[in-house]
2 protein chains.
Amino acid sequence: METQVPPREKCESADVDEARVRETQEHLIDGLTATRLAWTFKALSDPTRVRIISALSHHEMCVYDLAAALGMSQSAVSHQLRTLREMRLVRFRKEGRHVYYTLDDAHIHDLFHQGLEHLNHD
Amino acid sequence: METQVPPREKCESADVDEARVRETQEHLIDGLTATRLAWTFKALSDPTRVRIISALSHHEMCVYDLAAALGMSQSAVSHQLRTLREMRLVRFRKEGRHVYYTLDDAHIHDLFHQGLEHLNHD
DNA sequence: GTAATATGTGAGCACTTGTTCAAGTGTTGC
DNA sequence: GCAACACTTGAACAAGTGCTCACATATTAC
């Protein structure tokens, strides 16, 4: 049995319509939050970036090895890493000629895995 | 078969490099999974869609009210709802002239809120 | 110093995305 | 029948994305 929301009359009955709209607006997240939230999800909305996150979720890696593991060009990987850097999803440290990347914090790991679980549930 | 010389034997110690790459590849999610996961996140990567999800997370709404609550044109909302439909994030039922939309399942709600918490933690 | 290695970056291009405008369904009421 | 309403859809366009290519750094080895 469904939730006991009384079936609405019409859209024309202004009070019901307006009440629903007004109540929704009160709980609605604001534009800035929506934009920032969308931005976060966008960081994970590309297969290449998802695979990079997947690789880095095990241990830090340098660009060269990352490119080898993913079977991609260094340039393409570097471009995506730049994006991930700007989105604060990854951190890096330099060691001689190498630059080692890691996930910035555990949150990313969590979101990544929550998404995976979501997939497996379907 | 041709001798596939891997284009790397530098990175100083070749064995560590290869072991790291090979181990990473074993744990790496496959291309299809990465694509599907990216696809899921992409559904949530637009501010308008995030706001629609936010609105629908409280109760089902028809397109007209949704447009009113978000302050957008019906057409723009309808286009995004189409995307959300194709991505299986929302469900709809028709009732006369109205089309009522709801979130498809609780997973979406969870991802949405996990993302929100992630924002608040920064 | 030069050369090789490891990574970064800008330009260019094909492709995708989100919006608006206009026209299209389908349902209701007269 | 017809008109109003609720919603969908197609075309068009600006804006954004991700790749390749070529060049620019920076570090190390010689």
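Per chain, numbering begins at 1; letters A, B, ... match sequence-line order. Because the structure is predicted, anything quoted here is derived from the model rather than measured.
- When every heavy atom of A:L103 is checked against every heavy atom of A:R91, the shortest pair comes out as O-NH2, 3.8 Å.
- Stacking of A:R85 on the aromatic ring of A:F92 is recorded, both the 6.0 Å distance cut-off and the 45° axial limit being met.
- Residues satisfying the side chain to side chain donor-acceptor pair (under 3.5 Å) test with B:T33, not counting sequence neighbours, are B:D30.
- Between A:Y101 and C:dG8, a side-chain N or O to OP1/OP2 separation shorter than 4.0 Å is present.
- Listed by residue number, there are no residues of residues 45-58 of chain B with a heavy-atom contact under 4.0 Å to DNA chain D.
- The base of D:dC7 does not come close enough to the side chain of B:S75 for any donor and acceptor atom to sit less than 3.5 Å apart.
- With hydrogens and angles disregarded, a donor-acceptor distance shorter than 3.5 Å links the side chain of B:Q25 to the backbone of A:A69.
- Evaluation of the ring-ring contact (aromatic ring centres under 6.0 Å, His included) rule for A:H59 yields no partner, not counting sequence neighbours.
- Closest to the side chain of A:H98, out of C:dG18, C:dT17, C:dT7, is C:dT7.
- Secondary structure note: stems in DNA chain D built from 3 or more consecutive Watson-Crick or G-U wobble pairs under 3.5 Å occupy C:1-30 with D:1-30.
- Residue A:H79 places a side-chain atom within donor-acceptor reach of the base of D:dT20, judged by atom type and a 3.5 Å distance cut-off alone.
- Taking only side-chain atoms of B:R97, from C-beta outward, the nucleotide of D:dC19, C:dT28, C:dA6 with the closest atom is C:dT28.
- Checked by atom type and distance alone, the side chain of B:H109 never pairs as donor or acceptor with a backbone atom of B:D105 at under 3.5 Å.
- An OP1 or OP2 oxygen of D:dC19 is reached within less than 4.0 angstrom by a side-chain nitrogen or oxygen of A:Q80.
- The listed nucleotides are D:dC7, D:dT17, C:dG8; the one nearest the side chain of B:V63 is D:dC7.
- Judged by atom type and distance alone, B:S73 does not reach the base of C:dT19 through any side-chain donor-acceptor pair under 3.5 Å.
- When the C1' atom of D:dT27 is taken as reference, atom NZ of A:K94 falls 10 Å away, rounded to whole Å.
- Within the structure, every side-chain polar atom (N or O) of A:Q74 is placed at least 4.0 Å from both OP1 and OP2 of D:dT20.
- With D:dT8, C:dT7, C:dT17 as the candidates, the nucleotide lying closest to the side chain of B:S78 is D:dT8.
- With sequence neighbours excluded, the residues that form a salt bridge (charged side-chain N to carboxylate O under 4.0 Å, His left out) with A:R22 are A:E18.
- Shortest non-hydrogen contact noted between A:P47 and B:A38 is N-CB, 3.4 Å.
- Listed by residue number, B:R82, B:R85 are the residues of residues 81-90 of chain B with a heavy-atom contact under 4.0 Å to DNA chain D.
- Remark: A:R93 engages A:E95 in a salt bridge, criterion side-chain N to carboxylate O under 4.0 Å.
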